[in-house]
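A short write-up of the structure that comes next.
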Amino acid sequence: MIWLIFAILAPVIGGFVFGIERKVKARIQGRMGPPLMQPFYDFAKLMDKRPMMIHSLHALMGIMYFVAEWFALFVLFLGNDLLIAVFFHVLAVLALVIGASSVRSSYSALGALRELMHMISYEPFMVLMVVAFYLVSGSFNFKDILNSQAPIYQLPLVFLSFLLIIPMMLQKSPFDIAEAHQEIIGGPEIEYSGPFYEAIYTGKWIEYIYVFFFVFLFGGSNYILGSILVIFAFLFVNILDNSTARLDFRKMVKFSWVVLIPLAALNIILLALWR
Amino acid sequence: MGLFGKYRKKSPWILHYNTGGCNGCDIEILAALAPKYDIERFGALNKGNPKQADILLVTGPVTKNCKDVLRRLYLEMPEPKVVVAMGACAHGGGIFRNFYHVENGVDNIIPVDVWIPGCAPRVEALIDGIAEAIEIWQTKSKEKEYMRNHGEIYEKLGVNNDD
Ligand code: SF4
């Protein structure tokens, strides 16, 4: 029951997380930063703008991104497999890619291609991580994982890799290739405006919840450890975001496939042998 | 202005466009975004995308090459929107007045709501101008605005007038 409420409230909580993030970012740069409620003010303002559509499929895919993200969270919290939640997250990102590549703007198409690069670099890892959770707890259900002993003790390398995968999923600085704000001004979301952009903006907040919930799962039955891990991951990602410049997309894919995925696989293999 | 309109003033997103000035004004804008003045406190973001921006901040005299781009940026911004002209150049050409390549001010191309005087305007003046722009923006509605002799302009740009 409590998880259902959590899933329903996910956009609100995600909005607060986003507000905190903007505040933390501003403090790191020595500024005051916007108020905590800023994402909700943005939400209200974007809903009040005149809707300008390119074509209906494009607008629909923007809303689809939001709906599919939220649906992935529901799948996760209503006690289904983690794997299915991961696949629904793929569906959400695919909606964004289809929408972005259906318009004639070259920036948008470029952003869509780069978003696919993001996907091929983090999705295999997500599947591996779910497999690792299965090895530790013997179940694909998040409730069993939360009841088992903290997986971080047995999966330190997977956690380490996941820390570096988070910037790819949330499009943070060393890997914010798809939405390069200086070059392809937002990438896949460039052509969205008003209420449709709002859908994508809110979908991002839900993605925050989705990602940080996976971090929380590493704590297992020790909820305090889980919370500490979430706060640590949040601060780490923000500091990384503020202190690094953007990389080439080839480097991102290479880094993911040559370093992170073998690292996680090594951890899983050692764990399976040791059992 | 509906339920959501009340919060409009709390998140003005700025699109900044330089139509050929000397960059003096642009540096002031960057100073406003930097830690000392920090206009992100008021929710203002510097968006590079006209489709998601609310305030069009124009600096510099409008050179003939930039004219159409400025029009396009104005047309691509969804209403409600406001235009702020910053600096002496944007008012009537400033030191570039009556040169062979300029159009003498933003007002000759698109309607302007707020003028910020000075060369270059101080950051305080810029913040004042943005605050005034936000007040004007609050009173605007979602209806389509037409700029000066839009029919001609649409024809010249080759855009179909859809309504
Ligand atoms: S108003 Fe002055 S400072 Fe601003 S662009 Fe023109 S010449 Fe430069």
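What you see is a predicted model, and the numbers here were worked out from it, not measured in a lab. A, B, ... follow the sequence lines: proteins, then strands. Residue 1 opens every chain.
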Note to self: Quick check for you: among Met37(A), Lys49(A), Gln38(A), Met52(A), which has the greatest number of heavy-atom pairs under 4.5 Å with chain B?
What the structure shows: Lys49(A)
Notebook entry, point to check: Does atom NZ of Lys251(A) have more than 12 heavy-atom neighbours, drawn from other residues, nucleotides or ligands, at distances under 6.0 Å?
Noted result: no
Notebook entry, point to check: Quick one: CG on Asp54(B) to CG on Leu46(A), what's the gap to the nearest 0.5 Å?
Noted result: 7.5 Å
Check: Does anything in residues 198-209 of chain A get under 4.5 Å of chain B by heavy atoms, and if so which residues?
Finding: Tyr201(A)
Check: What's the spacing between Tyr41(A) OH and Phe42(B) CZ if we round to 0.5 Å?
Finding: 13.5 Å
Next item on the list: Taking atom NZ of Lys9(B) as the centre, report whether more than 12 heavy atoms of other residues, nucleotides or ligands fall under 6.0 Å from it.
Entry: no
Next item on the list: Measure distances from Ile39(B) to the heavy atoms of chain A and classify the residue's part below 4.5 Å as side chain, backbone, both or neither.
Entry: neither
Next item on the list: Identify the two heavy atoms, one from Gly30(A) and one from Pro35(B), that lie closest to each other, and give their separation to 0.1 Å.
Entry: O-CB, 3.6 Å
Note to self: Taking side chain as everything from C-beta outward and backbone as N, CA, C, O, which of these in Ala44(B) sits under 4.5 Å from a heavy atom of chain A? Side chain, backbone, both or neither.
What the structure shows: neither
Checklist line | Arg31(A) to Leu33(B) - nearest heavy-atom pair and separation | finding: CD-O, 3.9 Å
Check: So does Lys10(B) pair up with Asp42(A), basic N to acidic O under 4.0 Å?
Finding: no
Margin query: Between Glu40(B) and Arg22(A), is the side chain to side chain contact (heavy atoms under 4.5 Å, CB included) condition met? List the steps.
Written below: CA-CA 10 Å; Glu40(B) 205 190 330; Arg22(A) 275 179 77 174; 3.0 Å; yes
Check: Tell me, do Tyr107(A) and Asn49(B) make a side-chain contact under 4.5 Å, heavy atoms counted?
Finding: no
Next item on the list: Please look at Lys81(B) and chain A and tell me whether the side chain, the backbone, both or neither of the residue comes under 4.5 angstrom of a heavy atom of that chain.
Entry: neither
Next item on the list: Count the heavy atoms of every other residue, nucleotide or ligand shown that sit under 6.0 Å from OH of Tyr37(B), and state whether that count exceeds 12.
Entry: yes
Item checked: Contact class of Gln29(A) relative to chain B, heavy atoms under 4.5 angstrom -> backbone
Notebook entry, point to check: Applying the side chain to side chain contact (heavy atoms under 4.5 Å, CB included) test to Lys45(A), which of Ser11(B), Pro80(B), Pro12(B) qualifies?
Noted result: Ser11(B)
Checklist line | Selection from Arg41(B), Glu76(B), Lys51(B), Gln52(B) maximising heavy-atom pairs under 4.5 Å formed with chain A | finding: Gln52(B)
